[in-house]
Structure formats: structure tokens, C-alpha cells
Amino acid sequence: MTADHDVVRRFMAGDQGAVREIYREYARPMFSVAYNTLRDRSLAEEAVQQAFLQAWRAAASFDVSRSIAPWLYTITRRVAIDLYRRERRHNSQEVLDSDIAELPPGFETAWTVWEVRKALEEMPRDERTVLEATHFLDLTHDQAAERLGVPVGTIKSRSHRAHRRLAGLLAHLEEASR
Amino acid sequence: MRCEDFQSQLLSGESTAELQAHLATCEMCQAVQPRLVGGASLLEDEAMWLAPGDELENSIVDMLVSDGAAGSDEAIPTVDDDLPPSLHAVEDIAAPMTPARRTPNVWALLGVAAAVVVALLFVTSTRSAPDWSVDVAGGPDAPQASAVVDGWNTDSGTRLVVEARGLEPAPDGFFYELWLSDGPLHISGGTFTGLDDVELWAAVSRGDFPRIWITLEPIDEDESPSSVVVLDTGKQS
């Protein structure tokens with residue numbers, strides 16, 4: 001039995017510590033999947049909360065021999081889609097024809113969101129910070145160096161390591177089981 | 001160059017003639033190319049970098065504990081993606097967020113209220129309650145550790161009290177340092193070596209610098225955080 005299985009067994013037994021362990025391991029990928037669909041921070045938090053509640057209530061049906069990640073992912077995505085629909089219904093007066101194109105991300109896309117976020121959380125902090133600076137904040141190496149207070153050479157080497165590590169993590173992704 | 005180098009290039013958005021030539025012949029890199037290009041695109045998305053608020057973890061734990069034993073349902077409610085959900089389906093999802101309606105027991109409520117008043121009197125007579133409190137998980141270098149950090153917001157900064165578990169006092173030549181961070185910006189909240197009665201002070205507010213983390217620092221002239229992270233709330237936005 002792996003540690004993953006052990007924590008799931010404890011989760012099923014109602015252990016608060018296990019809830020916290022699972023939260024700290026998976027809340028951010030869950031949040032990313034939800035945010036990717038909902039584009040609203042409080043709604044994404046609501047989705048994570050509801051997903052945990054559903055997982056809690058459905059724990060008896062979970063096969064502990066399997067990984068918990070795809071299970072949590074599936075629940076989160078479903079909850080997020082339901083919230084998305086709820087919000088659209090509440091805002092139905094504002095729905096335009098163009099909304100037809102604004103469908104939630106598909107299953108595989110959302111799974112990639114999950115895996116990329118999970119991979120980022122597994123990376124060393126200094127490498128993740130460089131990726132955030134250069135990709136999300138769109139800083140040049142010089143700008144990132146100034147912002148982070150380290151030499152440009154350090155940024156370049158961290159960036160190289162970060163891309164290589166993340167590429168390695170992403171290149172070996174497993175397909176999500178539906 | 002090896003496949004790992006070309007895959008790194010795909011992720012970083014580079015496009016060289018050498019990369020294109022390699023892709024034309026390497027089935028393995030061809031197979032992972034869409035995933036890496038998609039991953040590179042996602043790195044520009046705030047969904048990858050935002051994090052849920054600090055209070056969500058405790059909120060979820062409280063909610064689950066009050067919900068009763070795990071596994072009370074037989075299966076996860078399913079959603080048919082091809083059909084618009086009924087209003088009932090939406091209510092089913094929202095229902096767990098609403099406290100169960102029960103007939104209030106007046107005497108029990110009075111008892112709880114009295115207990116709360118007594119507890120509040122006790123707390124205020126000893127020390128004012130913190131403005132916020134956060135559970136801090138063990139970092140990569142001390143995964144067994146945990147801590148609760150209580151904070152009091154003041155006009156001139158933040159008073160911090162750290163109660164750590166699973167950590168040893170800092171070894172000779174080292175000390176612990178608490179940091180408050182906003183992304184890559186780090187503000188020291190002070191240093192300590194022993195773990196009893198750790199009270200620190202930061203010149204900034206947690207609202208502006210939401211992440212709290214503690215590193216083990218060598219005694220040297222480097223004022224930036226070391227890479228030895230023993231406690232960390234994780235990146236908060």
C-alpha cells in the first residue's frame with residue numbers, strides 16, 4: 001500500500017489530518033482546473049470546496065488501489081462545469097450568441113491544466129519563480145534578474161534547468177482515465 | 001543535442017532549424033510536442049499561478065467534519081455534459097453548502113452562547129485574539145514539520161507568533177528566518193534559533209505579502225532567503 005493509498009484510507013475513515021494532506025497536495029491543481037473553467041477566483045474556491053465535499057461523501061465508492069488524482073480531477077471538473085452553467089443561467093439576460101463559442105475547456109485540456117499545475121508545484125521554488133517571471137509576467141532575463149535580485153547568469157541557468165525539468169515532467173504525463 | 005534539449009526548447013517557445021529538423025525525424029518528440037506547446041501556453045495563464053485563499057483549507061475541514069462521516073453517499077453525482085442540468089441538479093450541488101435546517105434547542109443554544117462568552121472573556125483577559133491565523137506546512141526540507149502562525153495587524157506592521165512542531169532548534173552556525181512574500185518579493189519577518197515563545201515582527205502586512213515561509217539560514221552575509229525551506233504556506237496570491 002502506497003502513502004497515497006494510506007492517506008485515502010484515512011480520508012475515507014474521516015481523518016482530518018488526511019483531509020489536510022490531500023488538500024495540500026491537490027488543492028492547487030483543483031483550483032487551477034476550476035479557475036480555468038470559471039475565470040473567477042471566488043467561484044474557483046467554491047468549486048474546490050464543493051469538490052472536496054463530493055469526494056468526502058463519495059469516498060466509499062473510491063477504489064483505493066487507484067490513484068486519487070484522476071478521481072479528484074474528474075470531480076473538480078464536473079463541479080466547475082456545473083458552476084459555470086449556474087452562473088450562465090443567472091446571467092442569462094446577458095448571454096449573447098457569441099457565448100456558444102465560450103464552452104468550458106474539454107476533458108483533455110483541463111487534464112493538461114491539472115498536470116502542468118501539479119508539475120509546477122513539484123518544481124524547486126527558484127525554478128518555478130523564474131518560469132513565473134518569464135512566462136506569466138513576461139519579463140526578460142534582465143528584468144527578471146533585477147526583480148529577483150540575482151545575476152542575469154543565474155536567471156539564465158535557472159531558466160534552462162526549469163524548462164528542462166518541466167519538459168521532462170510534462171513529457172511523461174499519463175493520460176487521464178475518463 | 002538530445003531529445004530532452006529539444007523538448008526543453010519546445011516548452012520555452014524556441015524554434016530553431018535544428019529543432020525542426022529533429023522533429024521531422026523523432027517520433028518521440030513529435031508525440032510530446034502538442035503537450036509541451038500546450039504547456040508553454042498554459043504558463044502564460046494566471047490559472048497556473050493563482051492559489052486559493054489561506055482560509056479555504058480550514059473552511060473545507062470544518063465543513064467536512066460537520067458533514068459527518070466520509071462515504072455517506074454511494075457514488076459521485078454525475079453530470080451529463082450534453083444536456084442542460086436541471087435546476088434540481090444545481091440545487092443538489094449547492095445544497096451541501098447550506099447548513100441543515102434543524103429545530104433549534106433553545107437551552108442548548110443558550111449554553112453554547114454562555115460558553116462562548118466565557119471563552120471570549122478568558123481570551124481577552126490573557127491576550128487579544130489574533131487578527132488571522134494560518135497553518136503552515138512542512139517545506140521540502142522538513143516535510144514532517146508544521147506550524148501555526150498567528151498575526152496581529154497594527155499600524156506599523158504585523159506582530160507574528162510562531163508555534164512550530166516537528167522542528168529541532170537551529171543547529172550551531174544556523175538560524176531560522178521567517179519571510180513574508182508577494183511573488184518574488186520577500187520581506188524578512190525576523191530570525192530565531194529556539195522554538196519556544198517565538199514572537200517576531202514584520203514591517204509589512206500579510207494582506208500585501210500573503211505567503212509565509214521559514215528558511216534555515218547559515219550565518220553569512222547573504223541577506224536573501226536560502227534554499228532550505230522548512231515551513232511554507234505556499235505561494236498565495
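Note that the structure is a prediction, hence the values are computed from the model and not measured. Residue numbers start from 1 in every chain, and the chains themselves are labelled A, B, ... in the order their sequence lines are given, proteins ahead of strands. Worth knowing before you read on, the calculation uses all heavy atoms, side chains too, and leaves out hydrogens, waters and symmetry mates.
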Original post:
For B/Met48, does its backbone N or O pair with a side-chain atom of A/Arg28 as donor and acceptor, under 3.5 Å?
Top reply: no
**OP:** Please report the C-alpha distance between B/Glu4 and A/Arg165 in whole Å, then the side-chain angles of each, then the deciding distance to 0.1 Å, and finally whether the side-chain contact (heavy atoms from CB on, under 4.5 Å) criterion is met.
**Re:** CA-CA 9 Å; B/Glu4 289 85 347; A/Arg165 190 189 306 275; over 6 Å; no
Subject >> Test log, rule side-chain contact (heavy atoms from CB on, under 4.5 Å), inputs A/Arg57 and B/Leu64 >> reply: CA-CA 9 Å; A/Arg57 291 181 167 178; B/Leu64 298 190; over 6 Å; no
Original post:
Who wins among B/Ser59, B/Cys3, B/Pro140, B/Ala31 for the most heavy-atom pairs under 4.5 Å with chain A?
Top reply: B/Ser59
Subject >> Interchain contact, A/Leu166 with chain B, by part (heavy-atom threshold 4.5 Å) >> reply: both
**OP:** Identify which part of B/Leu42 has an atom lying under 4.5 Å from any heavy atom of chain A, answering side chain, backbone, both or neither.
**Re:** side chain
**OP:** Return the minimal non-hydrogen interatomic distance between A/Arg117 and B/Trp49, and the atom names on each side.
**Re:** NH1-N, 3.8 Å
Subject >> Best-contacting candidate, B/Leu10, B/Asp135, B/Asp45, B/Leu43, against chain A by heavy atom pairs under 4.5 angstrom >> reply: B/Leu43
Original post:
Which bit of A/Asp126 comes within less than 4.5 Å of chain B, counting heavy atoms only: side chain, backbone, both or neither?
Top reply: neither
Original post:
Around B/Gln144, counting heavy atoms of other residues, nucleotides and ligands shown, do more than 12 lie under 6.0 Å from its CD?
Top reply: yes
**OP:** With a 4.5 Å cut-off on heavy-atom pairs, point out which of B/Leu56, B/Leu36, B/Asp5 contacts chain A the most.
**Re:** B/Leu56
Subject >> Test item: A/Ser32 side-chain N/O and B/Ala47 main-chain N/O as donor-acceptor pair under 3.5 Å >> reply: yes
Subject >> Side chain, backbone, both or neither of A/Arg39 within contact of chain B (heavy atoms, under 4.5 Å) >> reply: side chain
Subject >> Straight-line distance of A/Asn36 CG to B/Leu50 CG, nearest 0.5 Å >> reply: 11.5 Å
Subject >> Proximal component of B/Ser227, with respect to chain A [non-hydrogen, under 4.5 Å] >> reply: neither
Original post:
Do B/Asn58 and A/Arg20 have side chains that get closer than 4.5 Å, going by heavy atoms?
Top reply: yes
Original post:
Tell me, side chain or backbone of A/Arg24 under 4.5 Å from chain B's heavy atoms, or both, or neither?
Top reply: side chain
Original post:
What part of A/Phe52 gets closer than 4.5 Å to chain B, counting heavy atoms only: side chain, backbone, both or neither?
Top reply: both
Original post:
Looking only at heavy atoms, what is the nearest atom pair of B/Pro52 and A/Phe31, with distance?
Top reply: CD-CG, 3.7 Å
Original post:
Is there a side-chain contact between A/Gln50 and B/Met63, using heavy atoms and a 4.5 Å cut-off?
Top reply: no
**OP:** Pick whichever of A/Phe62, A/Tyr23, A/Tyr35 has the most heavy-atom pairs under 4.5 Å with chain B.
**Re:** A/Tyr23
Original post:
So, does B/Gln7 use its side chain to make a donor-acceptor pair with the main chain of A/Arg164 at under 3.5 Å?
Top reply: no
Original post:
Is it the side chain or the backbone of B/Glu46 that comes within 4.5 Å of chain A heavy atoms, both, or neither?
Top reply: both
**OP:** Return the minimal non-hydrogen interatomic distance between A/His135 and B/Glu44, and the atom names on each side.
**Re:** O-CG, 3.6 Å
**OP:** Without swapping roles, check the side chain of A/Arg41 against the backbone of B/Ala51 for a donor-acceptor pair under 3.5 Å.
**Re:** yes
